[in-house]
Amino acid sequence: MELENIPAIVTGGASGLGLATAQLLASKGARVSIFDVKEGEGRSAADALGVVFNMVDVTDEASVKAGLERGEAAHGPARILVNCAGIAPGMKTVGRENIAHSLDTYRATVEVNLIGTFNVLSQFAARLAAEPALGEERGVIINTASVAAFDGQIGQAAYASSKAGVVGLTLPVARDLSQLLIRVAAIAPGVFLTPMVESFPKQVQDALGQQFPHPSRLGRPAEFAQMVEAIISNPMLNGEVIRLDGAIRMPPK
Ligand code: NAD
């Protein structure tokens, strides 16, 4: 699919991988709406890129519906959805003093990363179904998993299982949406230099980067965005999860 003048939604677009994606899609002529809960950062990022910000909580059905309606009023019906909204709390299954993992934290992680992804993609696809196809396709959905879906580390039970859910929905949703001519793929990033990782001390960042076989460094958000663009442009890519990780396999910790 060509990007020029195509309405696109990027969830989690106020920061990190989503922000880099919004930037790249906008630079290629897409009409981008950012969906995020961080209003201040989201609005200033959107203003800087010349795109639209919509205050949307991906876990909330009504909030997503309203965001899609506002996005449509601004740009027309979206044909591209990139789901980047996510949270990554760390907690062991049994912590200090033998305290069990907080169920609220577990639920919140699954709620944002997995249910939030499904909530946005299902409502996006339902609206897009009413639009005419552009050539052989109608639209593209790209979800963000993580290498943690496959190599979850100590303290990542909630995060890794939420991302494994994102991996698990890729093929069945691609099959469900095939009749609508909507493709679905997921990217499973290794460790990328986003605000979360930038807050670590420099030597910790370097040590993390050196664990990557090649290239021996952390990923750049622009490289994630480049993969998003590659998926959008290749009509044969469907139902697949792509690791973007410099060949790393994460150790237990
Ligand atoms: P980030 O924290 O910089 O950005 C995440 C964005 O999601 C934030 O702007 C946040 O406000 C938004 N968000 C959180 N909850 C939301 C909600 N309920 N509704 C709407 N927006 C919400 O993180 P990032 O590093 O850019 O990560 C982006 C995605 O990539 C996440 O899904 C993350 O799990 C995944 N990922 C990141 C890495 C990495 O190394 N950075 C690695 C693997 C996977």
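Atoms within a ligand are numbered from 1 in the order they appear, just like the ligands themselves.
Here the shortest heavy-atom distance to atom 14 (C) of ligand 1, taken over S162, G86, A145, G12, belongs to G86. Looking at N83, N54, D60, T194, it is T194 that brings a heavy atom closest to atom 24 (P) of ligand 1.
Counting only heavy atoms from C-beta outward, the side chains of F192 and V197 never approach each other to under 4.5 Å. Looking at heavy atoms from C-beta onward, V228 lies out of side-chain contact with V10 at the 4.5 angstrom threshold.
The part of V56 lying near ligand 1 is the backbone, judged by heavy-atom distances below 4.0 Å. Heavy atoms of K163 found under 4.0 angstrom from ligand 1 belong exclusively to the side chain.
Closest to atom 16 (C) of ligand 1 among all protein heavy atoms lies V37 CG2, 3.8 Å. Counting only heavy atoms of the protein, atom 15 (N) of ligand 1 lies nearest to V112 CG1, 3.7 Å. The protein heavy atom nearest to atom 39 (C) of ligand 1 is F192 N, 3.6 Å. Distance from atom 19 (N) of ligand 1 to its nearest protein heavy atom, with residue and atom name: V58 N, 3.0 Å. Protein heavy atom at the shortest distance from atom 35 (C) of ligand 1 is T144 CG2, 3.6 Å. The protein heavy atom nearest to atom 31 (C) of ligand 1 is C84 O, 3.3 Å. Among all protein heavy atoms, the one lying closest to atom 11 (O) of ligand 1 is D36 OD1, 2.6 Å.
Remark: the backbone N or O of M1 is paired with a side-chain donor or acceptor of E137 at under 3.5 angstrom. Counting only distance, with no hydrogens or angles, the side chain of R183 and the backbone of N234 share a donor-acceptor pair below 3.5 Å. A side-chain donor-acceptor contact under 3.5 Å links Q123 to the backbone of E61. In this structure, the side chain of R138 engages the main chain of L180 through a donor-acceptor pair within 3.5 Å. Counting only distance, with no hydrogens or angles, the side chain of S63 and the backbone of D57 share a donor-acceptor pair below 3.5 Å. Side-chain atoms of N113 come within 3.5 Å of backbone atoms of I87 as a donor-acceptor pair (strictly under, hydrogens ignored). Here the side chain of D36 pairs a donor or acceptor atom with the backbone of A14 at under 3.5 angstrom.
Not a single heavy atom of G116 sits closer than 4.0 Å to an atom of ligand 1. Assignment of F224 to the shell around ligand 1 is not supported, since no heavy atom sits closer than 4.0 Å. A heavy-atom separation below 4.0 Å is found between G190 and ligand 1.
Hydrophobic clustering (side-chain heavy atoms under 4.5 Å, transitive across Ile, Leu, Val, Met, Phe, Trp, Tyr) keeps V147 apart from Y159.
Near G16, with a cut-off below 4.0 Å to any heavy atom, the atoms of ligand 1 are 3 (O), 26 (O). With ligand atoms numbered from 1 in the order given, ligand 1 contributes 26 (O), 30 (O), 37 (C) to contacts under 4.0 Å with heavy atoms of L17. Every atom of ligand 1 with a heavy atom of D57 under 4.0 Å away is listed here by number and element: 17 (C), 18 (N), 19 (N). Residue-ligand proximity, S15 to ligand 1, at heavy-atom distances under 4.0 Å covers atoms 1 (P), 3 (O), 4 (O), 9 (O), 26 (O). Shown in contact with Y159 at under 4.0 Å from a heavy atom are these atoms of ligand 1, numbered in order with element: 33 (C), 34 (O), 35 (C), 36 (N), 43 (C), 44 (C).
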Is there a side-chain contact (heavy atoms from CB on, under 4.5 Å) between L134 and I6? Walk through the geometry before answering. CA-CA 11 Å; L134 297 178; I6 293 292; 3.7 Å; yes
For side-chain contact (heavy atoms from CB on, under 4.5 Å), just list the numbers for E198 and L193, CA-CA rounded to whole Å, side-chain angles, deciding distance to a tenth of an Å, and then say yes or no. CA-CA 6 Å; E198 275 164 1; L193 203 50; 4.0 Å; yes
I would like to know whether L114 and L169 meet side-chain contact (heavy atoms from CB on, under 4.5 Å); could you show each step before the answer? CA-CA 9 Å; L114 176 57; L169 63 74; 3.8 Å; yes
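Polar contact with ligand 1: absent for I87 (N/O pair, distance under 3.5 Å). For a threshold of 3.5 Å applied to N or O pairs, the pair formed by F35 and ligand 1 contains no separation below that value. Taking distance alone, with nitrogen or oxygen atoms compared against 3.5 Å, V197 stays at or beyond that limit from ligand 1.
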